[in-house]
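Structure first, then comments.
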2 protein chains.
Amino acid sequence: MTEQIARTPKQIGAAIRRHRRALGINQKAVGEKTHLRQATISGLEAGEAGIQLRTLFGVLTALNLELVVRPRTKASTDKIEEMF
Amino acid sequence: MTEQIARTPKQIGAAIRRHRRALGINQKAVGEKTHLRQATISGLEAGEAGIQLRTLFGVLTALNLELVVRPRTKASTDKIEEMF
DNA sequence: CTCAAATATACGGCAAAGCGTATATTGCAT
DNA sequence: ATGCAATATACGCTTTGCCGTATATTTGAG
């Protein structure tokens, strides 16, 4: 199961964490590759909603990941107010 | 071709724009659904690297889109410094 | 070509991200 | 149980997102 669906910051954070662990590297190492602090990686993986795209894609690149944007597959609640 | 690969803020912005247009709605309407300004949607679609996950996922939800996180498929340069 | 709709840009203000640095906490092997 | 590695949290600082509001520019229909 190497393809993870993400519809929220928490979900993409969790997905990134799983992939990072699968690669056997720690947050500090990702921080060094990306010029981000270990604390910043921690926040991303925790799903902080304020994380910037700069940070997200830096980490994705460091982990050799990519995103796919596509229409939602299954059902969804779609109440934006309840999203975070 | 409704599945778009994104490895950079610019790419995800472009992908979102294509999907939005395919749905036939404008930035102002997306802004109203998400409680974001039209100017903010514009920035997201333009690929501004500082856009936050809060903003990204709000728009994805409004457009009924989702992300998939997966290992990169084809080749990649992977020079993070050159990413933006 | 014209004009309206859509999109991009501007400015001051407030809140928050990410920084360096440092420490607290958690998890895991022995 | 101990100790180290990994992760989470804290503080002051600088930078920047997003806000409301407003305007400039681009695009497309007629």
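These numbers come from a predicted model, not from an experiment. Just so we're on the same page: letters track the sequence lines, and every chain starts at 1.
- Here CD1 of B/I5 is found 4.5 Å from OG1 of B/T73. Values are rounded to the nearest 0.5 Å.
- Paired with A/L63 under the rule side chain to side chain contact (heavy atoms under 4.5 Å, CB included), one option of A/V59, A/L60, A/T61 passes, and it is A/V59.
- One atom, CD1 of A/I41, and another, C1' of D/dA6, lie 13 Å apart when rounded to the nearest Å.
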How far apart are the C-alpha atoms of A/R20 and A/V30, what are their side-chain angles, what is the distance that settles it, and do they pass the side chain to side chain contact (heavy atoms under 4.5 Å, CB included) test? CA-CA 9 Å; A/R20 174 180 60 76; A/V30 175; 3.7 Å; yes
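- Transitive grouping of hydrophobic side chains (ILVMFWY, heavy atoms separated by less than 4.5 Å) keeps B/V68 and A/I12 in distinct clusters.
- Residues passing the salt bridge (Lys or Arg N to Asp or Glu O under 4.0 Å) test with B/E66, sequence neighbours excluded: A/R7, A/R70.
- Mapping heavy-atom proximity under 4.0 Å, the span of DNA chain C touched by chain B runs 5' to 3' from C/dA6 to C/dA17.
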So which protein N/O to nucleotides 14-18 of chain D N/O distances come out below 3.5 Å?
{"residue": "D/dC18", "atom": "OP1", "partner": "B/Q52", "partner atom": "N", "Å": "3.0"}
{"residue": "D/dC18", "atom": "OP1", "partner": "B/T55", "partner atom": "OG1", "Å": "2.6"}

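- Residues meeting the salt bridge (Lys or Arg N to Asp or Glu O under 4.0 Å) test with B/R37, sequence neighbours left out: none.
- Atoms OG1 and CZ, on A/T40 and A/R54 in that order, are 12.0 Å from each other to the nearest 0.5 Å.
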Could I get a table of every N or O pair under 3.5 Å where one atom is in the protein and the other is in nucleotides 24-30 of chain D?
none

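- Expressed to the nearest 0.5 Å, how far OG of B/S42 lies from NZ of B/K28 amounts to 14.5 Å.
- Distance check: A/L56 CG to A/T34 OG1 gives 11.5 Å after rounding to the nearest 0.5 Å.
- Among the atoms of the strands shown, none is found under 4.0 Å from any heavy atom of B/E45.
- By the side-chain hydrogen bond (donor to acceptor under 3.5 Å, both in side chains) test, A/Q27 is found to be paired with A/Q38, A/E45, residues two or more places apart in sequence or in another chain being considered.
- Taking the side chain as every heavy atom from C-beta outward, B/L53 and A/L53 approach each other to under 4.5 Å.
- Axis orientation changes by 70° from one end of the helix from C/dC1-D/dG30 to C/dT30-D/dA1 to the other, with each end axis drawn from 5 pairs and the value rounded to 10°.
- For A/K28 and D/dC4, the NZ to P distance is 17 Å, given to the nearest whole Å.
- For A/A15, the side-chain contact (heavy atoms from CB on, under 4.5 Å) partners are A/Q4, A/R18, B/V69, not counting sequence neighbours.
- Counting heavy atoms from C-beta on, the side chains of B/E3 and A/P71 never come closer than 4.5 Å.
- Across all strands shown, B/A46 has no heavy atoms under 4.0 Å from either base or sugar-phosphate atoms.
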